[in-house]
2 protein chains.
Amino acid sequence: MSLTFEGVLADRSTWRLDNCSIGKSMDVIGTRSSMLILREAFYGTTRFDDFARRTKMTDAIVAARLRELTGIGLFAKRAYQVPGRRSRYEYILTEKGRDLVPAVFALMQWGKKHLQGEDGGPLRLVERGTGEPVMIGPRTVSGRDLDLEDLAIVAHGDWAGPQSG
Amino acid sequence: MSLTFEGVLADRSTWRLDNCSIGKSMDVIGTRSSMLILREAFYGTTRFDDFARRTKMTDAIVAARLRELTGIGLFAKRAYQVPGRRSRYEYILTEKGRDLVPAVFALMQWGKKHLQGEDGGPLRLVERGTGEPVMIGPRTVSGRDLDLEDLAIVAHGDWAGPQSG
DNA sequence: CTCCTAGCTATAGGATTTGATAGCCAGAAC
DNA sequence: GTTCTGGCTATCAAATCCTATAGCTAGGAG
């Protein structure tokens, strides 16, 4: 019914997660506005006004989030200039930002299945070119899809005490 | 640099995401406390007191979240009784709850790479039995791993107007 | 030199989230 | 009975998130 803890972790009463990666991630990007801005960035949006209009959020919060996410390193600012207009900045995803693709699309996959109507909403995520359906989930590097029961958590060899994970 | 929109979606200026699945998902489970409770449930926790102690959150918030998540249908309450104690309820993940495994572990994977120290923290997610490393990300049903550039969004055949996705 | 606009900044207020602390309640132990 | 305990509920205060509204500012257009 759940995943497995191996080695020194097997007895869960002996350790505690003090600064787990999930909590840290949620502290950093755990807001609706951050997720929607990331969605837009994945969709190709780079400019302030487009973020605001497409997410239907106010200028204030878009500005605050872009500043925050840029500060964290999910976006890099890059100058651009439309001919006849003055120079502005656009927001380009860094690798750190792009690495959130699994998290954001996993949320989309879940919402599509469980929160939208019967058909899962009008949009589908597919492979470019082939149109093959795309799924997000855990798998081994050799390509096996895994369920929760197939997962295990192990400690690094030099683990010293209950800290993060 | 981003994903592709195909068919009627190709011109992004003609449509808008009004109730996208990502926003809906964040409305429902987009809190740190929800994610930590789900983490614990994936780790095998089922009882109120264990949720509270393991997540280090207060009783009040754990109770509020469990009630909320149960109401949404992520948990089902099941009576249990330790011999010599009175009957209580424990919180069992439903399929809807278990379907959040990709989202939660994707956050864990990201935090591990980008927010923890150099080694990514002391814990690793592996396949039970083999110990093979586990990754979370988008792939086709036939097993190809995909990058952001390989993804495309298409509309259902009977799509009528700009709504969700 | 004045107007216009994209891209922000400032402020005020409400809703939500969280922590801290305290209290309740039903049954088992005695 | 009375006490004890697991499993909650209630209340208060602080922080965060979001909306709404208004204003600023640097350059191009005229």
Side-chain angles (χ1 to χ4, degrees), chain A residues 13 18-20 22-41 45-72 75-92, chain B residues 13 18-20 22-41 45-72 75-92:
Chain A
S13 67
D18 282 1
N19 62 346
C20 106
I22 298 166
K24 282 188 169 187
S25 297
M26 285 302 288
D27 287 343
V28 169
I29 50 150
T31 63
R32 186 185 142 93
S33 52
S34 292
M35 288 293 179
L36 293 184
I37 284 184
L38 282 168
R39 177 201 75 190
E40 273 311 306
T45 299
T46 60
R47 296 180 189 179
F48 182 88
D49 225 44
D50 289 330
F51 280 115
R53 274 187 298 108
R54 293 235 162 81
T55 61
K56 292 192 171 169
M57 298 189 298
T58 60
D59 293 2
I61 193 143
V62 171
R65 280 301 153 261
L66 284 175
R67 201 177 330 121
E68 189 182 310
L69 295 177
T70 302
I72 294 165
F75 287 104
K77 286 171 77 168
R78 186 177 66 185
Y80 75 96
Q81 189 163 17
V82 176
R85 300 263 174 81
R86 70 178 154 139
S87 172
R88 291 287 181 185
Y89 288 100
E90 58 188 346
Y91 299 86
I92 309 295
Chain B
S13 66
D18 282 1
N19 62 346
C20 104
I22 298 166
K24 283 188 169 189
S25 297
M26 286 302 288
D27 286 343
V28 169
I29 50 148
T31 61
R32 187 185 139 92
S33 52
S34 292
M35 289 292 180
L36 293 185
I37 284 185
L38 282 168
R39 176 202 76 190
E40 273 311 307
T45 299
T46 60
R47 296 180 189 180
F48 182 88
D49 225 45
D50 289 331
F51 280 114
R53 275 187 298 108
R54 293 236 160 79
T55 61
K56 291 190 170 171
M57 298 188 301
T58 59
D59 293 1
I61 191 137
V62 170
R65 279 304 151 260
L66 284 176
R67 200 175 332 121
E68 190 181 312
L69 296 177
T70 301
I72 295 165
F75 288 103
K77 286 170 80 168
R78 188 177 64 185
Y80 75 96
Q81 188 163 18
V82 175
R85 300 264 174 80
R86 69 178 157 142
S87 170
R88 292 288 181 183
Y89 288 100
E90 58 188 346
Y91 299 87
I92 309 295

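All figures in this text were calculated on a predicted structure; none of them were measured in a lab. Below, read A as the first sequence line, B as the second, and so on, with proteins coming before strands; counting in each chain starts at 1.
The distance from atom CZ of B/Phe51 to atom P of D/dC8 is 11 Å, rounded to the nearest whole Å. The nearest whole Å value for the distance from the CG atom in B/Leu66 to the C1' atom in D/dT9 is 14 Å. Atom OH in A/Tyr89 sits about 11 Å away from atom P in D/dG27, given to the nearest Å. Distance A/Met26 CE to D/dA15 C1': 16 Å, rounded to the nearest Å. Rounded to whole angstrom, the span from the CG atom of A/Leu69 across to the C1' atom of C/dC8 amounts to 16 Å. Between A/Lys77 atom NZ and C/dG7 atom P there is a gap of 12 Å when expressed in whole angstrom units. Atom CZ in A/Phe48 sits about 6 Å away from atom C1' in C/dG7, given to the nearest Å. To the nearest angstrom, P of D/dG7 lies 7 Å from CZ of B/Arg47.
For B/Ser87, the side-chain hydrogen bond (donor to acceptor under 3.5 Å, both in side chains) test picks out no residue, with sequence neighbours left out. A search for salt bridge (charged side-chain N to carboxylate O under 4.0 Å, His left out) contacts involving A/Arg85 returns nothing, not counting sequence neighbours. Residues that satisfy the side-chain hydrogen bond (donor to acceptor under 3.5 Å, both in side chains) test with B/Ser34, not counting sequence neighbours, are B/Thr31.
You'll find that the side chain of B/Tyr80 is closest to D/dG7, out of C/dT9, D/dT9, D/dG7.
Within 4.0 Å (heavy atoms only), B/Tyr91 reaches sugar-phosphate atoms of the nucleic acid but no base atom.
Applying the salt bridge (charged side-chain N to carboxylate O under 4.0 Å, His left out) rule to pairs touching residues 56-67 of chain A yields A/Lys56-B/Asp18, A/Arg65-A/Glu68, sequence neighbours excluded. Every pair passing salt bridge (charged side-chain N to carboxylate O under 4.0 Å, His left out) that includes a residue from residues 30-39 of chain B is listed here, sequence neighbours excluded: A/Asp27-B/Arg32.
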*Along nucleotides 17-27 of chain C, 5' to 3', which nucleotides get a B, which get an S, and which get a -, given that the test is a protein heavy-atom distance under 4.0 Å?*
SSSB----BBS

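Both tests hold for B/Arg47 against B/Tyr80: distance to the six-membered ring centre under 6.0 Å, angle to the ring axis within 45°.
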